[in-house]
Amino acid sequence: MDDSADRQAWRVLVVDDEPDLVEVVCGALRYEGWEAVGETTGEAAVRTAAAWRPHAVVLDMMLPDLDGMEVLRRIHAARPEVRVLFLTARDAVEDRIAGIAAGGDDYVTKPFSLAEVVVRLRGLLRRTAPPAPAGQPPAHALVLGDLVLDERAREVTRGGEPVDLSPTEYALLAHLMHHPRQVLSKAQLLDAVWSYDFGGQAHVVELYISYLRKKIDAGRTPMIHTVRGAGYLIKASP
């Protein structure tokens, strides 16, 4: 069997109110070559999931603040593709069904073996798109030459270097990259990015295009081009 998926740098968040159990599970996952981070409360788990973006979560049903169902709901509201393996001390079939119905992918009942957790997670992660190899953009990113826009992370890089954009600059660049080599008029950009008609204030597009050029094109071969009398386009540099 091809075990290449097992060697990917999967990120797994482990959430349980028992710190010792969290550390033991994280240690087992790191032994597999995966990255693992642990939390002991639901609120902390939601914050870590948002910042660290794990591929899977090992989630206790019973936490001191939020229950596992609520943690799952909040994580899936932002990233529905995250796989969730419930840990539960509950033996009732109804509880297990409720966890799966809420969006969980699988469960193990305490007490459990570390080997079982690893096997269950491996099965879930094999059904997940693998993380991009080091140095390559993720499959869901918009890529134009050496310009990469990751819509899930809301991150932009050019030539591997991060580009810090304001929310409006990001929205403008994303719209341009969704329409590569296509001339977009100021009116089209106003409607798409600002969502209303500026009337005589179309110069706002020129202003933000100039901001983008300073951040995207400065010191590099230009990618954002003006088509006189028609609008703007973005294309990969030769």
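Worth saying up front: this structure is predicted, and the values here are computed from it rather than measured. FYI, the numbering just counts along the sequence from 1.
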Just how far is it from atom [atom1] of [X] to atom [atom2] of [Y], taken to the nearest 0.5 Å?
X: H76; Y: R83; atom1: NE2; atom2: CZ; value: 8.5 Å
X: M61; Y: Y107; atom1: CE; atom2: OH; value: 10.0 Å
X: W10; Y: R122; atom1: CH2; atom2: CZ; value: 12.0 Å
X: L176; Y: L144; atom1: CG; atom2: CG; value: 10.0 Å
X: L189; Y: Y208; atom1: CG; atom2: OH; value: 13.5 Å
X: K186; Y: I209; atom1: NZ; atom2: CD1; value: 10.0 Å

Non-neighbouring partners of [X] that pass side-chain contact (heavy atoms from CB on, under 4.5 Å), sequence neighbours left out:
X: P64; result: D17, T41
X: E116; result: V108, F112, S113, R120
X: R154; result: Y170
X: A171; result: V193

Of all heavy-atom pairs between [X] and [Y], which one has the smallest distance, and what is that distance?
X: G38; Y: V22; answer: CA-CG1, 3.4 Å
X: V15; Y: A45; answer: CG2-CB, 3.6 Å
X: A236; Y: G145; answer: CB-N, 3.9 Å
X: W34; Y: V118; answer: CH2-O, 4.1 Å
X: T157; Y: P162; answer: CG2-CA, 3.9 Å
X: G104; Y: L72; answer: N-CD1, 3.5 Å

Open item on the list: Same cluster or not: L114 versus Y31, using hydrophobic residues (I, L, V, M, F, W, Y) connected whenever any side-chain heavy atoms lie under 4.5 Å apart?
Closed with: no
Evaluate the side-chain proximity of [Y] to [X]: yes if any heavy-atom separation is below 4.5 Å, no if none is.
X: V117; Y: L121; answer: yes
X: V37; Y: E35; answer: no
X: R74; Y: E43; answer: yes
X: E206; Y: Y232; answer: yes
X: D60; Y: L21; answer: no
X: L165; Y: L212; answer: yes
X: L147; Y: L173; answer: yes
X: V57; Y: T48; answer: no

Task: side chain to side chain contact (heavy atoms under 4.5 Å, CB included) between M223 and D146, worked out - done: CA-CA 10 Å; M223 299 183 75; D146 63 350; 4.1 Å; yes
- [ ] Over 60° means perpendicular and under 30° means parallel, so classify the ring planes of H179 and H175, tilted if in between.
- [x] tilted
Open item on the list: Apply side chain to side chain contact (heavy atoms under 4.5 Å, CB included) to residues K110 and E18 and explain how you reach the verdict.
Closed with: CA-CA 12 Å; K110 296 179 179 179; E18 300 178 41; 3.9 Å; yes
TODO: Just grab all the salt bridge (Lys or Arg N to Asp or Glu O under 4.0 Å) pairs involving residues 161-181, residues at least two apart or on different chains.
DONE: E169-K215
Task: Of all pairs that satisfy salt bridge (Lys or Arg N to Asp or Glu O under 4.0 Å), the ones with a partner from residues 216-230, not counting sequence neighbours - done: R158-D217
TODO: Could you identify which residues cluster with V227, counting Ile, Leu, Val, Met, Phe, Trp and Tyr as linked when any side-chain heavy atoms lie under 4.5 Å apart, either directly or through a chain of such contacts?
DONE: V183, L233
- [ ] Would you mind listing the cluster partners of V119? Hydrophobic ones only (ILVMFWY), side-chain contacts under 4.5 Å, chaining allowed.
- [x] none
Only counting residues at least two apart or in another chain, list the ones meeting salt bridge (charged side-chain N to carboxylate O under 4.0 Å, His left out) with [X].
X: R47; value: none
X: E155; value: none
X: R79; value: E81

- [ ] With sequence neighbours left out, write down each residue that passes side-chain hydrogen bond (donor to acceptor under 3.5 Å, both in side chains) with T226, or none if nothing qualifies.
- [x] R213
Open item on the list: Check whether D105 reaches the backbone of L124 with its side chain - one donor and one acceptor, N or O, closer than 3.5 Å.
Closed with: no
